[in-house]
Amino acid sequence: MSNLRSLLKDKFLMNTDIRVRFAPSNTGHLHIGGARTALFNWFFAKHHEGTAILRVEDTDRQRSTEEFYDAILEAFDWLGLEWDEGPYRQSQRMDLYQEAANKLLSSGNAYRCTCTPDEVNEMRERARAEGKTPKYDGTCRDRYDKDPAAPFCLRLRVPDEGETIFNDILSGNISFENSQLDDMVIVRTDGTPTYNFCVAIDDIDMQISHVIRGNDHLSNTPKQVLVYRALNEPTPKFAHISMILGPDKKRLSKRHGADSVLEYKERGFLPEALINYLVRLGWSHGDQEIFTKEEIIENFSLENLNRSAAIFNPEKLLWLNQEYIKSADSGFLVESLDSGLKDRGLSPDQLNHRTRMGIVDELRTRSSTLVDMIEGALFFFEDEVEWDEKAASKFLTPQSSRLMLKLRNELSEIDTFTSKHIKSAFHRVMDEEAVKLGKLAQPVRVAITGGTISPGIFETLSLLGRDRSLHRLDAALGRVNQ
RNA sequence: GGCCCCUUCGUCUAGCGGUCAGGACACCGGCCUCUCACGCCGGUAACAGGGGUUCGAGUCCCCUAGGGGUCACCA
């Protein structure tokens with residue numbers, strides 16, 4: 001390929017390729033707000049057949065940890081989001097920032113500042129006291145008497161007047177008075193680059209076409225735009241999406257119980273449900289509530305994003321999760337059940353795979369989460385049921401024990417223990433004793449499950465199997481006769 | 001406080017000048033029913049307020065109020 005052609009191709013790619021990045025810092029887990037931002041980036045890229053990039057901003061040496069780095073990747077792995085590029089790490093790109101800083105220094109867009117943090121704070125205090133915007137006053141801008149031996153940081157020279165305007169896809173033109181901005185530090189005294197600087201440099205270097213991020217970054221944007229301008233680089237398109245708020249309309253935090261993505265995994269949510277819920281917070285496609293990943297990719301667009309903040313609603317997430325559980329593959333549910341049982345020290349193999357398929361199929365309409373499902377299935381796998389006292393004293397009575405004994409004998413006669421045959425057995429007892437099903441079913445339910453809640457009694461008995469059913473009935477009868 | 005963003009049922013939202021303001025979650029009834037669910041049917045509930053523009057504003061403009069965000073040698 002000739003130089004000219006490769007140049008043209010680069011030009012072409014630069015203008016038409018959609019390249020987005022999600023840039024978390026590894027100072028904490030991937031929380032659901034971050035996940036939603038990641039999702040919007042990812043779906044936008046996929047919709048346009050562009051490139052989704054993961055870039056970890058790990059320049060905070062105090063708070064960044066490898067544990068969080070791994071946890072973030074694990075969260076994406078669980079969500080099933082694969083990144084086309086990355087993870088890049090800012091900590092490994094220091095040369096790039098250094099080079100850019102030198103460029104700005106030699107072009108005069110940046111300068112050395114020897115003011116100490118204390119002095120700068122004083123300036124801010126003073127300005128605040130005078131009712132002005134607290135900012136660095138530019139003391140070192142054009143100073144020639146700086147002590148060459150004094151430690152220094154690098155600041156960006158920001159115009160005193162005029163305004164910095166950029167276009168936001170969601171909000172239109174947004175302008176900031178330059179007088180509101182100060183000469184921000186781009187390289188610290190210790191030589192490390194700062195956030196707003198790295199972001200701009202990376203976005204330039206990675207040829208990011210669209211910056212999609214939370215609108216808590218809106219006021220950072222002019223600072224970054226100024227870096228672009230100083231470097232004579234075209235700015236990407238911006239889309240500042242609304243944030244997720246807690247029920248008290250405050251910024252989502254640990255207090256709201258809605259934190260890390262992996263925690264949702266632990267609580268028994270399906271990644272598809274979480275994705276669906278998060279994407280629908282701020283984005284919609286007509287009246288549709290449930291979307292496959294493919295449907296989101298097909299229909300996603302930034303134009304359909306809502307500008308206002310959304311309040312996180314756990315109930316709706318729960319509903320969606322159940323919807324996904326209701327239509328989940330039985331094999332998958334059995335796997336979840338099995339691992340949940342093992343975690344609780346129970347052996348899934350007590351009942352064969354076919355039976356476990358039956359169990360999850362009975363439980364899927366009764367479970368908002370996989371944890372609910374597992375807990376609802378425990379009685380099938382425990383050796384002895386522990387009767388709930390309240391339920392037992394109400395239903396395991398001498399009156400009901402007579403019925404249960406009859407039923408026990410009927411059940412022991414059945415050769416294939418299917419729900420159909422079990423049902424017949426129940427009816428024989430009901431007819432003989434002239435009682436309604438409820439009179440018999442509820443005591444039996446307590447006897448074999450320990451409580452008053454379970455799938456249909458015929459199905460439950462059938463799934464439990466004859467031997468174990470009879471054993472539990474006997475145990476319950478024993479209790480009554482004590 | 002300065003600056004910036006936002007404002008349709010309790011919540012998520014549809015609406016892109018003319019709609020009985022639609023859907024979903026939640027809630028409340030009813031049906032189904034062996035418990036719990038599921039399912040089905042029905043119901044309550046919103047354009048923050050005030051000015052304009054227009055024959056006509058949830059939709060366009062302005063003001064007010066409220067909410068949020070942000071003001072570091074953190075990210």
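Numbered from 1 within each chain, the chains take letters A, B, ... in sequence-line order. None of these values were measured; they are calculated from a predicted model.
A:P24 comes within contact range of no nucleotide atom at all, as no heavy-atom separation falls under 4.0 Å. No engagement by A:M184 is indicated, since no non-hydrogen atom pair under 4.0 Å with the nucleic acid exists. Within 4.0 Å of A:R63, counting heavy atoms only, lies at least one base atom of the nucleic acid.
Partners of A:R126 by side-chain hydrogen bond (donor to acceptor under 3.5 Å, both in side chains), not counting sequence neighbours: none found. Residues satisfying the side chain to side chain contact (heavy atoms under 4.5 Å, CB included) criterion with A:L96, sequence neighbours excluded, are A:R93, A:I201, A:D202, A:D205. Remark: A:K394 engages no residue in a side chain to side chain contact (heavy atoms under 4.5 Å, CB included) (not counting sequence neighbours). For A:T189, the side-chain hydrogen bond (donor to acceptor under 3.5 Å, both in side chains) test picks out no residue, with sequence neighbours left out. Under the ring pair (Phe, Tyr, Trp, His ring centres under 6.0 Å) criterion, A:F44 pairs with A:H48, A:H210, not counting sequence neighbours. Among residues two or more places apart in sequence or in another chain, the side chain to side chain contact (heavy atoms under 4.5 Å, CB included) test is passed with A:P271 by A:W78, A:L79. Checked against side-chain hydrogen bond (donor to acceptor under 3.5 Å, both in side chains), A:H217 has the following partners two or more places apart in sequence or in another chain: A:Y195, A:N220. Not counting sequence neighbours, A:E303 has no partner by the salt bridge (charged side-chain N to carboxylate O under 4.0 Å, His left out) test.
Between the side chains of A:N26 and A:D58, no donor N or O sits under 3.5 Å from an acceptor N or O.
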Which atoms of nucleotides 29-32 of chain B (N or O only) lie under 3.5 Å from a protein N or O atom, and what are those distances?
none

Identify all pairs in which a protein N or O lies below 3.5 Å from an N or O of nucleotides 38-44 of chain B, and state each distance.
unit_1 : atom_1 : unit_2 : atom_2 : d
B:rC38 : O3'    : A:K326 : NZ     : 2.9
B:rG39 : OP1    : A:K326 : NZ     : 2.5

Along nucleotides 1-14 of chain B, 5' to 3', which nucleotides get a B, which get an S, and which get a -, given that the test is a protein heavy-atom distance under 4.0 Å? -SSSSSS---SBSS

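For A:N220 and B:rA75, a side-chain-to-base donor-acceptor distance below 3.5 Å is present, hydrogens and geometry of angles not being considered.
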Per-pair distances, 0.1 Å, donor-acceptor, side chain in residues 315-322 of chain A, under 3.5 Å, sequence neighbours excluded:
unit_1 : atom_1 : unit_2 : atom_2 : d
A:K316 : NZ     : A:E289 : OE1    : 3.2
A:W319 : NE1    : A:E323 : OE2    : 3.4
A:N321 : OD1    : A:L270 : N      : 2.8
A:N321 : ND2    : A:G268 : O      : 3.2
A:N321 : ND2    : A:S368 : O      : 2.7
A:Q322 : NE2    : A:T365 : O      : 2.9

